Structures are given as C-alpha cells and as structure tokens.
Amino acid sequence: MKNKVSKEFEKQFGTTGTLYTAPGRFNLIGEHTDYNGGFVFPGAIDKGIYAMIRPNGTDKVKVVSLDLNDSAEFGLNESDAPEQSWARYIFGVCRETLKRGGKVEGFDAVFAGNVPLGAGLSSSAALESCFANAINDLFNDNTIDKFELARIGQSTEHNYCGVNCGIMDQFASVFGRKDHLMRLDCRSMEFEYFPFKPEGHKLVLVDSRVKHELADSPYNKRRASCERVAKRLGIETLRDADMAMLDAVKTDITAEDYFRAKFVIEEKDRVLAVCDALNRGDYETVGRCMYETHDGLSKDYEVSCEELDFLNDVARECGVTGSRIMGGGFGGCTVNLVKDELYDNFIETVTRKFNERYGHKPEIYPVIVSDGARRLED
Ligand code: ADP
Ligand code: MG
C-alpha cells in the first residue's frame with residue numbers, strides 16, 4: 001500500500017513527499033450509548049488510509065485517489081468546494097483547520113486505503129484523520145491537539161459531507177493505540193486506555209452486506225424514547241439512570257419506552273463490566289457481554305434484522321466466544337471474538353450458511369487492534 005502510493009506520487013509529481021496513515025475503527029461494546037451520555041469502547045484497526053503529501057508552494061490542493069481512479073484540484077476558500085464527494089472530505093479538513101485558526105497551504109497528495117467503504121469500519125474517519133494529522137504536521141508544527149484533530153474530522157462530516165455523526169469514529173482513528181481499546185465517556189469526553197490482547201483469539205467482522213433502513217426515522221425514534229424516559233426521571237440523560245429508577249416509573253411510561261431505556265441502562269453497565277474483565281484478561285466474560293448486547297439490541301432496542309440475528313445464531317452454534325451487532329443496526333456487520341482453533345470452521349460455516357439462506361456471501365474482515373493516525377518513517 002505504502003509503495004503503491006509513493007510510486008504513484010513520484011509518477012504524478014516527479015518527486016517524493018511524506019507518508020501518513022490513519023486507521024478505521026471497530027467498537028467492542030457500547031452501542032446507542034453516545035447520545036445517552038454513556039460510554040463507547042472503540043479501537044483502531046490494521047486497515048487504514050495511506051497518503052503521500054508534499055506542500056507545493058501554491059494555494060491549490062491537488063489530490064489523486066488511487067482507489068477511485070480520480071483526481072481533484074481545489075483552492076482553500078469556502079467557495080472552492082470540489083464536486084467529488086470523496087474530495088470534499090479532504091477539502092472539509094482543510095477548511096475546518098483554517099476555521100480554527102490553523103494554517104493550511106497548497107499541497108500535492110496521492111492516497112489509497114484498505115478500509116472497506118461503507119461497511120461500518122469508518123473509512124471516512126480514516127480519510128479525515130489522515131489528512132488532519134498530516135496538515136497538523138506539515139503546516140502547524142503539531143500544535144493542534146489531538147482532540148481538535150478528531151473534531152476537525154467530525155465537523156467535516158457535518159459541514160461538508162452531510163453526515164451528522166458523533167465523535168467516536170474520528171476519536172478512535174486519531175487516538176488508537178496498538179493492543180488497547182479506548183473507553184470514551186461521551187458526557188465528559190474523558191477517556192481511558194484498556195489493554196486488549198486477546199491471545200488465542202481472533203477478532204473478525206462479518207459484514208452481512210444488507211442495509212434495511214434508509215431513513216433516519218428509526219434512529220430518531222429511539223432517541224426520542226430515551227429522551228422521554230430521561231425527562232420522566234428528571235435527569236438529563238439515561239447515563240444517570242439505573243434499573244430501580246426505571247422500574248419505579250414503569251407503569252407511567254409505554255412498554256416500548258421501558259424496553260428502550262432498559263437496554264441503554266444495561267449497556268452502560270456492560271461496558272464497565274467489560275473494562276473490568278479486560279483488566280483481568282477475562283475474555284470469556286467479554287464474550288458473554290457481547291452476546292448480551294446483541295440480545296438487547298435485538299429484543300429490547302429492536303434495531304436488529306433477520307440477517308444479523310442469523311449471523312449471531314451461527315456464531316453461537318460454532319462456539320464463538322462473543323458476537324454482536326456492531327453499529328446502529330438494521331444491517332451492516334457483526335463483531336466476533338473467536339478462539340483460534342474455531343476460527344476456520346466459523347468462517348467456513350457462516351459463509352456457507354449465510355449464502356444458502358440469503359443468496360450472497362457475507363464479507364469477512366479479520367482485524368487487529370492497531371495504532372492511530374501517524375506519520376510513517378521511511
Ligand atoms: P464508512 O462507514 O466507511 O465511513 P462513509 O459513507 O461514511 O462510509 O464514507 C465512505 C466515503 O469516504 C466514500 O464514499 C468516499 O467518498 C470516502 N472514502 C473512504 N475511503 C476512501 C478511499 N480509499 N478512497 C477514496 N475515497 C474514500
Ligand atoms: Mg463514515
């Protein structure tokens with residue numbers, strides 16, 4: 001990947017530049033918790049964006065996307081937004097840096113990646129973090145702090161790409177650390193690293209390649225349920241609720257709202273339980289919590305779908321340590337923690353059975369927890 005990018009840079013621009021990379025991410029546990037002031041627990045993965053960049057002494061940016069076989073050229077003023085949606089991620093990062101008083105000058109760049117696009121591993125955050133970090137290094141002497149780099153990526157999605165995302169993806173891509181996951185408190189924005197070294201296990205994402213809900217409405221409905229229950233409890237978010245409080249108002253709220261809030265409260269506690277388990281190296285407990293999250297998302301939060309429940313059932317049958325829906329639901333991936341000796345059988349079985357049932361194979365992405373955005377020394 002690095003060689004491909006630098007070779008093409010040489011070909012396009014007749015010189016060499018500096019290499020940067022930033023990863024995609026996965027989330028071990030903590031789903032639908034962000035907007036409830038709870039915890040998420042992501043880690044960076046060994047798939048990312050690789051870019052070679054060199055200031056060109058002009059006020060224009062010239063970028064080549066190797067994967068999309070396309071190129072773009074744009075200025076740095078607000079009115080210079082490029083047409084191509086992929087280039088808007090880079091333009092947005094430049095603009096958001098400038099808006100914060102950072103420095104950006106013209107540069108040449110070639111980039112490529114191996115994060116699958118739109119599979120839930122956050123290729124867009126990888127792209128943003130790679131360029132935000134590079135701009136910080138090349139033009140700002142690394143004076144922009146890392147949290148601000150993540151916010152630059154998030155604001156890029158909001159203001160230039162029409163995606164109203166939270167901070168988790170960019171946070172994980174910037175702060176990722178090999179063999180560690182990061183528990184981010186979505187209320188205080190404080191975070192803590194926990195060791196994640198599942199020796200004897202593999203981490204694998206199984207992508208159903210289905211997406212059922214195109215509209216935002218189910219997501220907004222879940223949020224509304226959570227907000228209603230929090231209001232009834234007289235608290236700001238469900239972060240401050242426990243099951244005793246919820247049970248005390250059970251008869252005043254709808255059954256639907258009750259089960260939505262129950263999932264959120266239990267999920268918050270599960271994240272904390274998983275952190276304790278990781279400190280002990282207890283991956284059986286981690287796995288059990290993953291299955292509990294799946295069941296909660298499926299039965300109480302009702303954001304699963306037939307295909308994801310099928311993937312989860314097959315994982316259980318194959319003796320997989322832990323398996324759950326990853327992401328918002330209604331399609332996308334499951335994340336699976338699998339013992340080494342069961343891995344080949346699981347992949348073969350889940351691929352075959354899913355294909356028999358749904359007429360297409362799932363995509364399989366083994367991942368290793370890796371470092372965040374950085375410059376690559378050559
Ligand atoms: P994801 O869940 O992978 O983040 P998004 O739809 O948010 O999915 O972002 C995918 C978009 O990011 C792509 O459509 C493209 O515009 C941009 N992108 C990501 N990776 C690449 C890449 N390797 N080359 C070009 N553009 C990319
Ligand atoms: Mg994205």
Side-chain angles (χ1 to χ4, degrees), residues 25-34 36 38-45 168 172 176-186 190-206 238-239 241-244 246 259 261-301 303-304 308-309 311-327 329 333-343 345-347 350 366-370:
R25 63 96 190 95
F26 88 112
N27 186 33
L28 184 67
I29 201 157
E31 217 63 75
H32 287 280
T33 44
D34 53 349
N36 287 298
F39 302 101
V40 291
F41 202 27
I45 59 174
M168 174 174 82
R177 183 184 288 178
K178 188 178 181 319
D179 297 332
H180 290 80
L181 303 182
M182 296 151 286
R183 186 183 71 195
L184 175 67
D185 180 331
C186 296
E190 284 168 359
F191 67 96
E192 198 178 326
Y193 287 98
F194 286 83
F196 185 77
K197 250 188 150 176
E199 273 160 19
H201 296 78
K202 289 190 188 2
L203 200 57
V204 61
L205 303 169
V206 178
L238 290 179
R239 163 69 176 269
D242 59 30
M243 281 310 292
L246 181 64
F259 283 106
K262 171 176 173 278
F263 167 77
V264 171
I265 292 167
E266 290 175 347
E267 182 72 352
K268 173 188 64 180
D269 293 339
R270 265 193 297 271
V271 176
L272 300 176
V274 164
C275 290
D276 285 346
L278 285 181
N279 279 334
R280 297 192 306 268
D282 174 4
Y283 288 89
E284 292 302 314
T285 297
V286 172
R288 201 166 47 245
C289 289
M290 291 168 75
Y291 279 117
E292 285 173 15
T293 293
H294 186 93
D295 289 343
L297 286 169
S298 181
K299 299 196 178 81
D300 293 339
Y301 221 61
V303 294
S304 188
L308 289 173
D309 287 343
L311 290 176
N312 194 260
D313 288 343
V314 175
R316 273 180 219 265
E317 286 160 21
C318 291
V320 166
T321 305
S323 177
R324 68 172 196 89
I325 299 166
M326 193 181 82
C333 289
T334 61
V335 52
N336 304 271
L337 185 64
V338 193
K339 287 210 175 73
D340 286 343
E341 61 270 25
L342 300 177
Y343 183 79
N345 178 59
F346 170 57
I347 299 305
V350 78
V367 295
I368 295 172
V369 175
S370 301

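Model, not experiment: these values are computed from the prediction.
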Using a 4.5 Å cut-off on heavy atoms from C-beta on, say whether the side chain of Leu297 contacts that of Thr293. yes
Heavy-atom pair of closest approach, residues Gly30 and Val40: O-CG1, 3.6 Å
Report yes if some heavy atom in the side chain of Asp295 is under 4.5 Å from a heavy atom in the side chain of Glu292; otherwise report no. no
So CG of Leu278 and CG of Leu181: to nearest 0.5 Å the spacing works out to 6.5 Å
Can you check whether Asn312 reaches Ile325 side chain to side chain, under 4.5 Å on heavy atoms? no
Atom pair SG (Cys333) and CZ (Arg324), whose distance is rounded to the nearest 0.5 Å: 10.5 Å
So Asn345 and Cys318, do their side chains get closer than 4.5 Å, heavy atoms only? yes
Mind checking whether Leu203 and Pro198 have side chains closer than 4.5 Å, heavy atoms only? no
Can you spot which of Phe41, Phe196, Tyr283 makes a side chain to side chain contact (heavy atoms under 4.5 Å, CB included) with Val274? Phe41
Nearest 0.5 Å, please: how far is CZ in Phe39 from SG in Cys186? 9.0 Å
Please assess Leu308 against Thr334 for the test side chain to side chain contact (heavy atoms under 4.5 Å, CB included), listing each intermediate value before the final yes or no. CA-CA 7 Å; Leu308 289 173; Thr334 61; 3.9 Å; yes
Residue pairs, two or more places apart or on separate chains, that pass side-chain hydrogen bond (donor to acceptor under 3.5 Å, both in side chains) and touch residues 191-200: Arg183-Glu192
Without swapping roles, check the side chain of Asp185 against the backbone of Glu190 for a donor-acceptor pair under 3.5 Å. no
Measuring only between side-chain heavy atoms, which start at C-beta, is Asp269 closer than 4.5 Å to Met243? no
Mind checking the CZ-OH spacing from Arg316 to Tyr291? Nearest 0.5 Å is all I need. 6.0 Å
Please state whether the rings of Tyr301 and Phe263 are parallel, tilted or perpendicular, taking 30° and 60° as the class boundaries. tilted
Sequence neighbours excluded, which residues qualify as side-chain contact (heavy atoms from CB on, under 4.5 Å) partners of Thr321? His201, Glu284, Leu337, Lys339
Heavy-atom pair of closest approach, residues Pro42 and Arg25: CB-CD, 4.4 Å
Mark yes or no for whether Asn36, through its side chain, and Gly38, through its backbone, hold a donor-acceptor pair below 3.5 Å. no
Nearest-0.5 Å distance, CD1 of residue Ile45 to CD1 of residue Ile368: 10.5 Å
Nearest 0.5 Å please: distance from the CG atom of Asp300 over to the CD atom of Glu266. 6.5 Å
Given side chains that start at C-beta, do those of Met168 and Asp34 come closer than 4.5 Å, heavy atoms only? no
Considering only heavy atoms from C-beta outward, does the side chain of Val320 approach that of Leu342 to under 4.5 Å? no
Between the side chain of Lys262 and the main-chain N/O of Leu246, is any donor-acceptor distance below 3.5 Å? no
Working note: Val303 + Glu31, criterion side chain to side chain contact (heavy atoms under 4.5 Å, CB included); need CA distance, chi angles, decisive distance, verdict. CA-CA 11 Å; Val303 294; Glu31 217 63 75; over 6 Å; no
For Thr33, does its backbone N or O pair with a side-chain atom of Arg239 as donor and acceptor, under 3.5 Å? no
Would you name the heavy atoms of Phe346 and Ala315 that are closest together and state the gap between them? CE1-CA, 3.7 Å
If every non-hydrogen atom of Ala277 is compared with every non-hydrogen atom of Val286, which pair is closest and at what distance? CB-CG2, 3.9 Å
Apply side chain to side chain contact (heavy atoms under 4.5 Å, CB included) to residues Ile29 and Cys289 and explain how you reach the verdict. CA-CA 8 Å; Ile29 201 157; Cys289 289; 3.9 Å; yes
